[in-house]
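Keep in mind the model is a prediction, meaning the values are calculated, not measured.
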Amino acid sequence: MERAFTLVELLVVVAIIAVLAAVLFPVFATAKVAAKKTQSLTQLRQTTLAWSLYNDDYDGTVMRALTTAPGKVVYWWGSFDGTELRPEEGLLYPYMRENRVFVDPTFPVGFRSAIGLTGYGYNYAYLSPSEYVARDYHEVPVPVAESRVERPAETLVFASAARINNWDFPTPKLEGNTFIDPPSYNFPSVHGRANRQAVVSWADGHATTLRPSLRTADFGYGNEAALFAQANLGDAIKAGCPVGSACQDYYYSLAKD
């Protein structure tokens, strides 16, 4: 005589599967997040190596945040003419021949825009500074020699970045950012993602993770600390150099002091 499972046995099996799923799904999700963070670290390390090779090819002059060409702006990940993004024309593309490596795998797709924001921001304030002519506010790029970076292992080049856009929308919106602003600029942009940590790279070529330091009081031009904290947007701060201190820009600046 053939035997079949009873209803009780089937219910027991279903219950066991449900328990296993409840236990294992969070483990799989955690493992997926960890794998993406590891991938992001590897990619940012490669991007920073390309940045260093670029500097070598330009006689030790550090890469600009962007350059201009007729009818378009050229960023490190591609050029944009107002309509079309061309990854193969990016400043760092010749050193990688692969544009996907520039995109942070932990970067939410919804934060991207037509110019192809990568999820990483550049330390433009110190590595790509400018002066402005007073009469017409004309921008004059200030070249930076790589030899001026006195603390390569403690000077940021790239970091996972985002911003709160509170000027284009009736409700502030979290979106991608191409820059990381130093604490003195009062616009936190280092974005903690996987496990609330940001992925950052340094001028000596290594990449690490750090937890952004979040603001606790409103700042700048009406920026609400709570909005930035909720989005996990903060600053890269060295221990002992809190926001407002003389050394608050330590990880961004080039000099030893």
Side-chain angles (χ1 to χ4, degrees), residues 22 25-41 43-44 65 77 102-126 156-202 207-245 247-253:
F25 281 175
V27 174
F28 292 151
T30 301
K32 185 176 181 180
V33 169
K36 284 189 174 183
K37 184 172 73 172
T38 300
Q39 181 184 352
S40 184
L41 276 167
Q43 291 184 182
L44 199 55
W77 68 90
F102 295 148
V103 181
D104 183 2
T106 69
F107 184 51
V109 174
F111 289 3
R112 295 174 63 78
S113 71
I115 65 171
L117 304 181
T118 67
Y120 298 125
Y122 188 49
N123 179 13
Y124 76 103
Y126 285 94
L156 286 170
V157 179
F158 297 103
S160 49
R163 68 184 184 184
I164 290 180
N165 186 333
N166 54 10
W167 55 89
D168 286 331
F169 307 98
T171 301
K173 179 183 177 182
L174 185 66
E175 61 184 16
N177 197 11
T178 56
F179 304 126
I180 48 171
D181 290 82
S184 61
Y185 281 29
N186 272 326
F187 195 68
S189 48
V190 175
H191 189 209
R193 292 176 186 146
N195 296 326
R196 300 184 66 79
Q197 291 189 325
V199 174
V200 301
S201 70
W202 309 87
T208 59
T209 60
L210 60 77
R211 189 177 290 270
S213 177
L214 305 178
R215 304 288 180 107
T216 56
D218 294 349
F219 56 91
Y221 298 97
N223 291 315
E224 298 179 23
L227 282 177
F228 284 76
Q230 183 179 8
N232 205 27
L233 267 179
D235 306 287
I237 293 290
K238 180 180 172 63
C241 293
V243 171
S245 66
C247 62
Q248 62 181 337
D249 288 356
Y250 183 87
Y251 281 146
Y252 301 75
S253 65

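- Between Leu117 and Phe107, the closest heavy-atom pair is O-CE2, 3.4 Å.
- Here the side chain of Asn177 pairs no donor or acceptor atom with the backbone of Gly121 at under 3.5 angstrom.
- In this structure, CG in Asp249 is found 10.0 Å from CG in Asp181, a value given to the nearest 0.5 Å.
- Using bins of under 30°, 30° to 60° and over 60° for the plane-to-plane angle, the ring pair Tyr122/Phe158 lands in the tilted bin.
- Taken from CG in Leu44 to CG in Asp104, the straight-line distance is 8.0 Å, to the nearest 0.5 Å.
- Identified under the disulfide bond (SG atoms under 2.5 Å apart) test for residues 210-242, with sequence neighbours left out: Cys241-Cys247.
- Smallest separation of non-hydrogen atoms from Phe187 and Asn223: CD1-ND2, 4.2 Å.
- With hydrogens and angles ignored, the 3.5 Å screen pairs a side-chain donor or acceptor of His191 with a backbone N or O of Ala231.
- In terms of modelled atom types and a separation under 3.5 Å, the side chain of Ser189 and the main chain of Ala161 share no donor-acceptor contact.
- In this structure, Ala194 and Thr106 approach most closely via the heavy-atom pair CB-CG2, 4.2 Å.
- Distance check: Ile115 CD1 to Thr178 OG1 gives 6.0 Å after rounding to the nearest 0.5 Å.
- Between the side chain of Trp77 and the backbone N or O of Thr118 there is no donor-acceptor pair closer than 3.5 Å.
- Ring centers of Tyr252 and Tyr126: at least 6.0 Å apart, outside the cut-off.
- Here the closest non-hydrogen pair linking Phe169 and Glu175 is CE1-OE1, 3.9 Å.
- A distance of 9.5 Å separates CD in Gln197 from OG1 in Thr208, rounded to the nearest 0.5 Å.
- Without hydrogens or angle criteria, Ser160 side chain to Val199 main chain gives a donor-acceptor distance under 3.5 Å.
- The shortest distance between side-chain heavy atoms of Leu233 and Leu174 falls below 4.5 Å.
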Hey, can you pull the donor-acceptor pairs under 3.5 Å for the side chains in residues 212-221, sequence neighbours left out?
residue, atom, partner, partner atom, Å
Arg215, NE, Asp235, OD2, 2.7
Arg215, NH1, Asn186, OD1, 2.9
Arg215, NH2, Pro183, O, 3.1
Arg215, NH2, Asp235, OD2, 3.3
Asp218, OD1, Ala225, N, 2.9

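- Classified by interplanar angle (parallel below 30°, tilted 30° to 60°, perpendicular above 60°), the ring pair Phe179/Tyr124 is tilted.
- Two residues are said to be in side-chain contact when any heavy atoms from C-beta on lie closer than 4.5 Å; Asn123 and Ile180 meet this criterion.
- Below 30°, between 30° and 60°, or above 60°: for Tyr251 and Trp202 the angle between ring planes is above 60°, a perpendicular geometry.
- Nearest heavy-atom pair, Gln43 versus Val103, reported as atom, atom and distance to 0.1 Å: NE2-O, 2.8 Å.
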